[in-house]
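First the structure, in the form of structure tokens, and then the observations on it.
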2 protein chains.
Amino acid sequence: MQLRMTNQREMILRELRKSKQHLTADELYEKVKKIMPRISLATVYRNLEILSEAGIIGKLEVSGRQKRFDYEVEEHDHIYCVVCHRVDNLEIDRESIREVGWNSDKGYAVHGYRLEVAGICPECQRKRSKKEKKQ
Amino acid sequence: MQLRMTNQREMILRELRKSKQHLTADELYEKVKKIMPRISLATVYRNLEILSEAGIIGKLEVSGRQKRFDYEVEEHDHIYCVVCHRVDNLEIDRESIREVGWNSDKGYAVHGYRLEVAGICPECQRKRSKKEKKQ
DNA sequence: TTTACAAATGATAATCGTTATCACAAATGG
DNA sequence: CCATTTGTGATAACGATTATCATTTGTAAA
Ligand SMILES: [Mn+2]
Ligand SMILES: [Mn+2]
Ligand SMILES: [Zn+2]
Ligand SMILES: [Zn+2]
């Protein structure tokens, strides 16, 4: 019932935390491979699942794309770029949003919610305006 | 630039509207096949994409699962069941939630947001309590 | 009303992210 | 030690979606 900190596990966790980003399994695989060249992609998937199951990391399923894993585990919301799919934390006051409430929950036993804000990240904005100038 | 209302297209749209549910492509495929037995699943996917692109139906990408299509196109939020993945509309006052705002958007040009509430639907609650009694 | 062209369809292959399988290699705990 | 988990790497399988392509259908001009 308690999780064993294998070398692979530790390295995956370390690289995710070091990145301070919301990485996909294969982005993390590429990073870890530089240190442990023999690691398997399956091991990365497996351990990300185990680590998030154990509440050590977070798992994000943002807008129908690849899963991303979060170095931070406290409840918080995210903003993502509709162009490059980068994900950032959204510093929003969860208390005040909770006050809003919902007036019809269709009889659901509510577990929680997820606020997903979409937009274009600064970098993609720059790239876009460059392109426009060319035309 | 203008979309042709083929028989297949029309039937897909009609069945989605008739259902008043948030259906997946293959759920819709099964429904339409009863009326047009020769229709291809690819045609269903293709036309759902075209119809949502044209703003005639909505496309939902809820929590990393199959896409669902929405007979209603106006902006609204959803609640889904973590057990059976059923999706329902969530009647929440979007104006008041908008007032909350976010104090750090990391320089993003915000397009919009999506509020996804998770819980267990009435039916799954019933099934669960039945199971508990058995044990 | 033929003829040309564009668009849509059905069948199926290919793709992508993820999971499952399985033989082999650690680690654990008497 | 030895037996028993547990984890690993390689790879196959999977499910949802998308791409391809030969054929059919619709549109519209000649
Ligand atoms: Mn985060
Ligand atoms: Mn809806
Ligand atoms: Zn971006
Ligand atoms: Zn349910």
Side-chain angles (χ1 to χ4, degrees), chain A residues 1-16 21-54 56-70 80 84-87, chain B residues 1-16 21-54 56-70 80 84-87:
Chain A
M1 186 79 286
Q2 68 140 354
L3 132 166
R4 220 147 76 181
M5 256 308 158
T6 64
N7 293 342
Q8 296 70 342
R9 205 110 85 197
E10 189 161 26
M11 205 51 71
I12 290 164
L13 182 57
R14 181 178 306 180
E15 286 301 306
L16 178 60
Q21 291 194 73
H22 303 87
L23 300 177
T24 61
D26 55 290
E27 283 169 348
L28 219 23
Y29 173 57
E30 290 307 323
K31 282 186 191 292
V32 175
K33 217 165 44 166
K34 288 187 180 141
I35 304 152
M36 307 177 96
R38 304 228 41 188
I39 198 170
S40 161
L41 178 57
T43 301
V44 175
Y45 270 105
R46 211 168 12 226
N47 284 316
L48 286 171
E49 198 52 47
I50 288 166
L51 288 168
S52 66
E53 205 59 42
I56 295 169
I57 62 173
K59 176 161 53 163
L60 308 178
E61 309 191 56
V62 182
S63 200
R65 296 193 48 91
Q66 267 173 284
K67 283 176 195 163
R68 290 180 176 272
F69 294 86
D70 201 330
Y80 72 95
C84 70
H85 307 107
R86 169 193 180 83
V87 175
Chain B
M1 187 75 290
Q2 67 142 353
L3 132 166
R4 219 145 80 180
M5 253 311 158
T6 64
N7 294 342
Q8 299 65 349
R9 205 110 83 196
E10 190 161 26
M11 205 50 73
I12 290 163
L13 183 57
R14 182 177 306 178
E15 286 302 306
L16 178 59
Q21 291 194 75
H22 303 86
L23 300 177
T24 61
D26 56 289
E27 283 168 350
L28 220 22
Y29 172 58
E30 290 307 322
K31 283 186 191 292
V32 175
K33 217 166 43 166
K34 289 188 179 138
I35 303 152
M36 307 178 96
R38 305 227 42 186
I39 198 170
S40 163
L41 178 57
T43 302
V44 176
Y45 270 104
R46 214 171 8 228
N47 284 316
L48 286 171
E49 198 52 47
I50 289 166
L51 288 168
S52 67
E53 205 58 43
I56 295 169
I57 62 172
K59 175 161 55 161
L60 308 177
E61 309 190 57
V62 181
S63 199
R65 298 194 47 89
Q66 266 173 284
K67 284 177 194 161
R68 290 180 176 272
F69 294 87
D70 201 329
Y80 72 94
C84 70
H85 308 107
R86 168 193 180 83
V87 175

When you measure from the side-chain N and O atoms of [X] to the phosphate of [N], is any distance below 4.0 Å, counting only OP1 and OP2?
X: Gln8(B); N: dG10(C); answer: yes
X: Ser40(B); N: dT9(C); answer: no
X: Thr6(A); N: dG7(D); answer: no

Nearest whole angstrom, please: distance from the [atom2] of [N] to the [atom1] of [X].
X: Leu23(B); N: dT17(D); atom1: CG; atom2: C1'; answer: 17 Å
X: Leu3(A); N: dG7(D); atom1: CG; atom2: P; answer: 8 Å
X: Ile39(B); N: dG10(C); atom1: CD1; atom2: P; answer: 6 Å
X: Asn47(B); N: dA19(D); atom1: CG; atom2: P; answer: 15 Å
X: Ile50(B); N: dA6(C); atom1: CD1; atom2: C1'; answer: 14 Å
X: Met5(B); N: dA8(C); atom1: CE; atom2: P; answer: 11 Å
X: Glu10(A); N: dT6(D); atom1: CD; atom2: C1'; answer: 17 Å
X: Tyr29(B); N: dT9(C); atom1: OH; atom2: P; answer: 14 Å

For Gln8(B), enumerate each residue passing the side chain to side chain donor-acceptor pair (under 3.5 Å) test, keeping only those at least two apart in sequence or located in another chain.
none
The residue among Asp70(A), Leu16(A), Ile50(A) that forms side-chain contact (heavy atoms from CB on, under 4.5 Å) with Ile57(A) is Leu16(A)
Can you name the residues that form a salt bridge (charged side-chain N to carboxylate O under 4.0 Å, His left out) with Glu49(B), not counting sequence neighbours?
Lys59(B)
Name all residues meeting the salt bridge (charged side-chain N to carboxylate O under 4.0 Å, His left out) criterion together with Arg9(A); count only those two or more places apart in sequence or in a different chain, and write none if there are none.
none
Could you tell me which non-hydrogen atom of Ser52(B) sits nearest to which non-hydrogen atom of Gly58(B), and how far apart they are?
CB-C, 4.5 Å
At what distance, to the nearest 0.5 angstrom, does CD1 of Ile12(B) lie from CD1 of Ile56(B)?
12.0 Å
Side-chain donor/acceptor pairs under 3.5 Å, residues 29-45 of chain A, sequence neighbours excluded:
| from | atom 1 | to | atom 2 | distance (Å) |
| --- | --- | --- | --- | --- |
| Ser40(A) | OG | Ala42(A) | N | 3.1 |
| Thr43(A) | OG1 | Arg46(A) | NH2 | 3.0 |

Between protein and nucleotides 16-30 of chain C, map the contacts as a letter string: B base, S sugar-phosphate only, - none, heavy atoms under 4.0 Å, written 5' to 3'.
-SBBBB------S--
